Amino acid sequence: MNKLATPEHATSESHGSVMSYFAGFVLSLIYTIIPYLLVTNEIITGSALLITILAFAVTQMIIQIFFFLHLGRGPKPFYNVVFFIGTFLIIMIVVLGSVFIMNNLYSNMSPSDVAKNQAESEGIYQIGGVETGACQGLNENHKVYVSNEGISPTFVNAEFCDTISFINADGKEHIIAFGQYPDVQYYGEDSELILSTQRASVIVLNSAGTFSFRDDSNPQFTGSFTVNLKE
Amino acid sequence: MVASKEMTHEEAAEDRVMFGFWVYLMTDLLMFAVLFAVFAVLRDNTMGGSTGRDLFVLPLVLAETILLLTSSFTCGIGMIAARRGDKNQVLFWFGLTFLLGLAFLSIEFYEFAELIHEGHTISSNAFFSSFFTLVGTHGLHIISGLIWLATILVFVVKRGLNRHMVRKLALLSLFWHFLDIVWIFIFTFVYLGAFA
């Protein structure tokens, strides 16, 4: 019971030598100092810097796993290596997956846009009693047919909160752009509407005034609509 | 684990214990991975308050890193002495490991105290919640490692360096190297990453 470890055990390859610890120590120091200097001297910045220092960290991790933990060395079956690889895979899925999903969510739903997006796409016409500018209910729908033959009708007279459907009437893609060619103007959130083959795009008329539009693939075809405020 | 024929009964048992401890370390690593993921997601959510870039003192963090790295090294050297059965060397190297770990912990305490003193607590915003949770969890591991190490050293002094103690030290050094590896990522991603 009180017997000490045998000398063969002491020098066995799987437990490492002073040299291996020393090599691991010096390499780790180097791989700590370099990213530190990269950051403090601002040699590179932004995501390039982040990726570089993370690469240094991963390398240092591998160095320490090899020189300090002696993973995979020694005669035993490599159950612990297999377990490590499995854990590493789960970690990659959890960390990269979370970062990817949350970044995606954030870029689509940054706080300032959330209320606006909801108001427009969900048709929320008031938040806490304050009108958002979105329209309540469905009013009259005007149809505008777009084809290589032209736009018909070329003028729509509509009431506030009516809708216009731009309908692709032939087998080609059309792009409805607002303003006179080649200007880019916006109506609401959109500067252009892409009409794929046999598809339509609907806009809600929540800005009053007269607006012109054209078929960007055939800029000679233009049209306009006037939105009148009620009352 | 399958024991090869040359292994004695005791060595096979030791091997099983090592593997079991390795499994624990891997699950612990998973927990840290989740905390890292949380930090990665929340690191920009400061509610307009100070960011890591404004608050982190990099030279101090570099000192922490070097202290912990050195303690990982002395722990390895101590382990070689333990397998040789050299009690005095074990006490020296693991004693050094303990002191370096304590120095690391003191700097971390100082850093946390400064942050809290300036009004940045765990409930200030999502960034600080995830920061204190991640770094604090690592700190708690260091504390438990130090208590464990101190206990083993007391036993080594009192009862001598028997096979039992060598096994405990082997598990502890595995744990200590593991904490150093986790710290590399805290140093890189949390602290250096704040300046990227």
Side-chain angles (χ1 to χ4, degrees), chain A residues 1-5 7 9-12 15-18 20-22 24-25 28-29 31-33 35-36 38-40 42 45-51 53-54 56-57 60-61 64-65 67-69 75-77 79-80 83-84 86-88 90-92 94-99 102-103 106, chain B residues 1-4 6 10-11 15 18-19 22-23 25-27 29-30 32-34 36-38 40-42 44 58-59 61-62 65-66 69-70 72-73 75-77 79-80 82-85 159-164 166 170 173-174 177-178 180-181 184-185 187-189 191-193 195-196:
Chain A
M1 177 72 181
N2 274 355
K3 184 178 63 165
L4 287 175
H9 210 144
T11 51
S12 99
H15 297 125
S17 62
V18 177
S20 116
Y21 278 108
F22 192 70
F25 178 58
S28 295
L29 265 184
Y31 275 83
T32 300
I33 304 276
Y36 179 82
L38 281 179
V39 168
T40 49
E42 293 173 345
T45 49
S47 52
L49 176 63
L50 194 62
I51 289 167
I53 60 178
L54 280 177
F56 272 99
Q60 196 186 339
M61 175 188 79
Q64 293 206 8
I65 285 174
F67 287 106
F68 286 179
L69 292 177
K76 337 166 221 203
Y79 288 124
N80 46 4
F83 210 84
F84 175 74
T87 310
F88 191 76
I90 296 175
I91 287 173
M92 284 296 122
V94 168
V95 175
L96 296 182
S98 304
V99 171
M102 294 310 289
N103 274 341
Y106 186 78
Chain B
M1 298 191 70
V2 183
S4 58
E6 311 88 69
E10 270 174 77
E11 277 172 338
D15 229 34
M18 284 298 244
F19 179 65
W22 181 256
V23 172
L25 285 185
M26 290 300 102
T27 52
L29 192 59
L30 275 179
F32 275 112
V34 172
F36 268 108
V38 170
V41 167
L42 297 177
D44 296 325
L58 280 189
V61 186
L62 182 68
T65 307
I66 290 174
L69 176 62
T70 314
S72 202
F73 171 67
C75 171
I77 301 297
M79 207 48 231
I80 293 173
R83 296 203 188 276
R84 237 183 10 242
R159 299 183 186 169
L161 187 68
N162 58 38
R163 190 180 189 96
H164 231 61
V166 174
S173 62
L174 213 56
H177 294 319
F178 162 78
D180 189 32
I181 289 176
I184 296 169
F185 285 94
F187 172 66
T188 307
F189 188 62
Y191 290 101
L192 292 185
F195 293 81

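Nothing here was measured: the structure is a model prediction, and the numbers come from that model. Chain identifiers are assigned alphabetically (A, B, ...) following the order of the sequence lines, protein sequences preceding nucleic acid strands; residue numbering begins at 1 within each chain.
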- Does the side chain of A:F84 come within less than 4.5 Å of B:W22's, by heavy atoms? yes
One should read off an interatomic distance between A:I53 CD1 and B:F187 CZ, to the nearest 0.5 angstrom, of 8.5 Å
For B:L192 and A:Y36, the nearest pair of non-hydrogen atoms, with its separation, is CD1-N, 4.0 Å
Here the gap from A:T32 atom OG1 to B:I184 atom CD1, rounded to the nearest 0.5 Å, amounts to 6.5 Å
Rounded to the nearest 0.5 Å, the CZ atom of A:F25 sits from the OG atom of B:S72 at a distance of 9.5 Å
Turns out that what part of B:T188 lies under 4.5 Å from chain A's heavy atoms comes down to both
Rounded to the nearest 0.5 angstrom, the CD1-CD1 distance for A:I65 and B:I181 is 5.0 Å
Cut-off 4.5 Å, heavy atoms of chain A, and the answer for B:T70 is both
Rounded to the nearest 0.5 Å, the NE2 atom of B:H177 sits from the OH atom of A:Y21 at a distance of 4.0 Å
task: For the pair B:F19 and A:F83, name the ring-plane relationship: parallel under 30°, tilted 30 to 60°, perpendicular over 60°.
output: perpendicular
Closest non-hydrogen atoms of A:S17 and B:I80, given as atom of the first, atom of the second and distance, are C-CD1, 3.4 Å
Original post:
Do the non-hydrogen side-chain atoms of A:Q64 and B:L69 ever get within less than 4.5 Å of each other?
Top reply: yes
